[in-house]
Amino acid sequence: MEKEIIVKSTVGLHASLAAQIVRAASKYSVDINLHYNNKTIDVKSILGLMSLAIPSGENVRIEATGDQAEQAIADIASILEDN
């Protein structure tokens with residue numbers, strides 16, 4: 001399962017937001033990847049998320065596989081879209 005999301009945080013993907021995403025993703029036993037600018041990272045890696053330096057307004061794609069993929073994507077999407 002996958003979903004396209006726009007990063008709405010006015011300062012982009014910053015450390016606090018990355019930490020929230022990692023915490024949310026870690027609740028699920030699924031593989032979750034974020035795709036941005038021809039790069040793919042494991043969403044459970046805070047260093048991976050920070051290395052992307054995603055600015056506000058950019059599109060990213062989240063892809064998850066596993067039994068809880070839909071819920072995991074929904075949780076991460078809500079963090080990216082609401083902050």
Any chain of hydrophobic side-chain contacts (each under 4.5 Å) joining Ile62 to Met1?
yes

For Ile54, which residues count as a side chain to side chain contact (heavy atoms under 4.5 Å, CB included) partner, sequence neighbours excluded?
Val7, Leu13, Leu34, Tyr36, Leu52, Glu58, Val60

Looking at CG of Leu17 and CG of Leu80, how far apart are the two atoms once the value is rounded to the nearest 0.5 Å?
5.5 Å

In this structure, CD1 of Ile21 is separated from OG of Ser45 (nearest 0.5 Å) by 12.0 Å

If we ignore hydrogens and angles and just use 3.5 Å, is the side chain of Asp42 paired with the main-chain N or O of Lys44 as donor and acceptor?
yes

Compare every heavy atom of [Y] with every heavy atom of [X], then report the nearest pair and how far apart it is.
X: Ile46; Y: Ala15; value: CD1-O, 4.3 Å
X: Ala72; Y: Ile32; value: CB-CD1, 3.7 Å
X: Ile79; Y: Ala24; value: CD1-CB, 3.6 Å
X: Pro55; Y: Ala53; value: CD-O, 3.2 Å
X: Ile76; Y: Ala25; value: CD1-CB, 3.9 Å
X: Glu81; Y: Ile5; value: CG-CG2, 3.5 Å

Does anything in residues 2-27 form a side chain to side chain donor-acceptor pair (under 3.5 Å)? List the pairs, not counting sequence neighbours.
Glu2-Arg61

Suppose we screen for side-chain hydrogen bond (donor to acceptor under 3.5 Å, both in side chains). Which residues come up paired with Glu63, at least two apart in sequence or across chains?
His35

I'd like to know whether CG of Asp82 has more than 12 heavy-atom contacts from other residues, nucleotides or ligands below 6.0 angstrom.
yes

